[in-house]
Amino acid sequence: MSGHDRHHLPLCLCDFIRLLWSMVLPCVYLSLVLTLLLFLLVMGVRMWLQRSRKARLAQDSSPTVAFFHPYCNAGGGGERVLWCALRALQNRYPNISFVVYTGDQGVTGEQILEGARQRFNIRLPRPVTFIFLKNRLLVESSTYPHFTLLGQSMGSMFLGWEALTSFVPDLYVDSMGYAFTLPIFRYFGGCRVGSYVHYPTVSTDMLSVVRERNPTFNNADYISTNPVLSTVKVIYYCAFALIYGLAGSCSDVVMVNSTWTLGHILALWRAPSRTSVVYPPCEVRSFLDMPLEDEVEGEGFGDSKCHSIVSVGQFRPEKDHRLQIRAFRKLLERKGAGPGGRESLRLVLIGGCRNQEDEDRVLMLRELCQELGVTDRVEFKLNVSFEELKRELVDATIGLHTMWNEHFGIGVVECMAAGTVILAHKSGGPKLDIVVPYEGGQTGFLADSEDSYATAMETILTLSSSARLEIRRNARRSVDRFSNQEFDASFLSSMEPLIGTLQR
């Protein structure tokens, strides 16, 4: 390199640095202008929405609490929380009006309330107003075959915007876990906001599954087997977790349904002073009021009694009904034919279908039963009434649950209250909060694989009737802490600071 070239290089570098420095001030000005424009846009939209709320209050001075629950006509535990929460608030605050944002189409408000009565035995003391949203497809997982979490979260913001522009409440409660709607209602709508979290949208457990490259329902084989794709997905999850935490931190009051959920929400939302555990309501009283009948004494494989194994849960992929069917097939193989064998057992899958995707999943489960040769011993009961649910649980010997990291497990509690011997997944809420010793006594069994489930079911059926009865009694005594009455007291206590701001 010539001396001229060596002299020219520092000059070029200096010119480049001067160029960059000369651009700093214009970039700062541009950022300030854009920030100001965004602020003015937010304030303009907020003032427009506030006029809508003031016009409503001029006609009816009673404050309004709105619940965001796009699937309120489904039959799961989240819907039980919604209706029990509304019933508790209506009984406590007769001068407040209530609204439910729902994405259900083809039904009326009266039909939705009748469905709640039939499925959950819940009657509201007075009517609520339903706002029927037209774009629920935006939060359907089937809409986003890739980047599902991000797609559903962005979709929930648009659905939340539709809800807010349809009706501006005074207090907004997200009761289904759509955290990205919280800043929409807080900053654009000027509402106080609260949330009841059933399950964190993203968790450290999900990150560990991807890091360890384990294939699951939300980690496809082609990703788990590819180190590059797995790394990209970990980065995606970490970035999403950061944004999710910022959205959730907008909530004035945060209620979570279990110890497991509490740990994850505290790590992500970082709002310990505003967060509390409110166990979901379980219809234990209707089961506890029925006598716990002793079984006819018989020993395991020699017992000719017909034993039903009942599973209660929506037909969603994470419920892992496939594991239930495969474990049951393994149990049948061990039992063999003859008295107390295959013909003495039946598996009953009870659950709700939210949409066509769930109904298609049931068809695939039926095909799996046919493939495994257990069709004659497996029954599917969809969207059953509360009375039919009670009959099945009271007659059952084993209550079965297989969801990994179930946030809580209302179905688990109902099975225990009904007097079944519960067999739940060794993780999440069932492990930490529900199937735990009561006064030193065993309340149920835990398992985490096809073999361990089959072995546990075999063990339960081999127990003497008196041994099973002791476990059933312990389980029943332990579930009072999950009653409707306990939920009402905890929920109202958590909501009181927010409701108090409406009555000033």
Side-chain angles (χ1 to χ4, degrees), residues 287 290-313 320-351 362 365-382 384 388-402 411-412 414-425 435 442-447 449-473 475-476:
F287 295 112
M290 295 181 291
L292 188 63
E293 297 180 1
D294 293 353
E295 300 178 41
V296 177
E297 186 68 36
E299 297 296 330
F301 290 109
D303 186 1
S304 59
K305 169 183 168 64
C306 181
H307 295 282
S308 67
I309 301 167
V310 175
S311 163
V312 180
D320 207 353
H321 290 90
R322 296 176 66 86
L323 174 57
Q324 297 178 4
I325 296 169
R326 291 185 183 279
F328 181 67
R329 190 274 301 267
K330 189 159 286 191
L331 174 67
L332 294 181
E333 290 176 346
R334 296 181 183 181
K335 293 279 281 184
R342 175 189 176 96
E343 297 303 314
S344 68
L345 297 174
R346 71 184 185 120
L347 174 64
V348 183
L349 304 179
I350 300 174
V362 172
L365 292 172
R366 291 184 188 273
E367 290 172 1
L368 177 63
C369 291
Q370 189 170 4
E371 176 188 328
L372 298 178
V374 296
T375 304
D376 60 321
R377 308 312 308 158
V378 179
E379 297 179 40
F380 290 83
K381 300 204 170 185
L382 313 181
V384 301
E388 186 174 357
L389 173 65
K390 279 202 303 186
R391 285 195 299 270
E392 288 292 345
L393 287 178
V394 168
D395 292 339
T397 301
I398 299 174
L400 187 61
H401 163 274
T402 51
V412 174
E414 290 178 339
C415 287
M416 294 168 70
T420 71
V421 179
I422 189 65
L423 172 56
H425 200 282
V435 190
Q442 184 178 3
T443 58
F445 293 78
L446 298 169
S449 66
E450 189 176 319
D451 283 328
S452 61
Y453 270 102
T455 300
M457 286 188 281
E458 187 178 6
T459 299
I460 294 169
L461 295 173
T462 307
L463 290 173
S464 66
S465 297
S466 58
R468 281 200 294 261
L469 182 61
E470 181 63 25
I471 295 173
R472 294 160 64 205
R473 284 174 174 163
R476 269 198 156 188

Any side-chain heavy atom of Leu323 within less than 4.5 Å of one from Glu450?
yes
Heavy atoms, side chains only, cut-off 4.5 Å: are Phe287 and Met416 in contact?
no
Between Arg346 and Asp395, does at least one N-O distance fall below 4.0 Å, as a salt bridge requires?
no
Minimum side-chain heavy-atom gap Lys330-Thr455 below 4.5 Å
no
Measuring only between side-chain heavy atoms, which start at C-beta, is Arg322 closer than 4.5 Å to Leu365?
yes
Show, in sequence, the C-alpha distance, side-chain angles and deciding distance for Phe328 and Leu372, and conclude whether the side-chain contact (heavy atoms from CB on, under 4.5 Å) test is met.
CA-CA 10 Å; Phe328 181 67; Leu372 298 178; over 6 Å; no
d(Ser452 OG, Met457 CE) to nearest 0.5 Å is 9.5 Å
Rounding to 0.5 Å, atoms NE2 (His321) and CG (Leu368) come to a distance of 12.0 Å
Measuring from atom CD of Gln442 to atom CD of Glu470, what distance do you get when rounded to the nearest 0.5 angstrom?
10.0 Å
Can you give me the closest heavy-atom contact between Ala454 and Leu331, atom names plus distance?
O-CD1, 4.0 Å
Taking the side chain as every heavy atom from C-beta outward, state whether Leu400 and Leu347 have any atom pair closer than 4.5 Å.
yes
Test your reading of the model: is there a side-chain donor-acceptor pair from Arg472 to the backbone of Thr420, 3.5 Å cut-off?
no
Looking at every non-hydrogen atom in both residues, tell me the closest pair between Arg476 and Gly419 and how far apart they are.
NE-N, 4.2 Å
Please examine the side chains of His401 and Cys415, heavy atoms only from C-beta on, and report whether any two atoms are closer than 4.5 Å.
no
Under a 3.5 Å distance rule, please check whether Tyr453 uses its side chain to pair with a backbone N or O of His425 as donor and acceptor.
yes
Tell me, with the steps shown, if Ile471 and Leu463 meet side-chain contact (heavy atoms from CB on, under 4.5 Å).
CA-CA 10 Å; Ile471 295 173; Leu463 290 173; 4.0 Å; yes
Answer whether the closest heavy-atom distance between the side chains of Thr375 and Arg366 falls below 4.5 Å.
no
All heavy atoms of Gly399 vs all of Ile422, minimum pair found to be O-CD1, 3.2 Å
Within the distance-only criterion (no hydrogens, no angle test), does the side chain of Arg468 pair as donor or acceptor with the backbone N or O of Ile460 below 3.5 angstrom?
yes
Would you say the side-chain atoms of Arg342 pair up with the backbone N or O of Leu332, donor to acceptor, closer than 3.5 Å?
no
Phe445 side chain reached by Ile398 side chain, heavy atoms, under 4.5 Å
no
With a 6.0 Å cut-off (strictly less than), is the heavy-atom count around CD of Glu388, excluding the residue itself, greater than 12?
yes
Could you please spell out the steps behind the side-chain contact (heavy atoms from CB on, under 4.5 Å) verdict for Arg326 and Val374?
CA-CA 9 Å; Arg326 291 185 183 279; Val374 296; over 6 Å; no
side-chain contact (heavy atoms from CB on, under 4.5 Å) with Leu349: which of Lys381, Glu379, Gln324?
Gln324
Working to the nearest 0.5 angstrom, can you tell me the gap between Leu345 CG and Cys306 SG?
7.0 Å
Using 0.5 Å steps for rounding, measure from the CG atom of Leu446 to the CG atom of Leu423.
8.0 Å
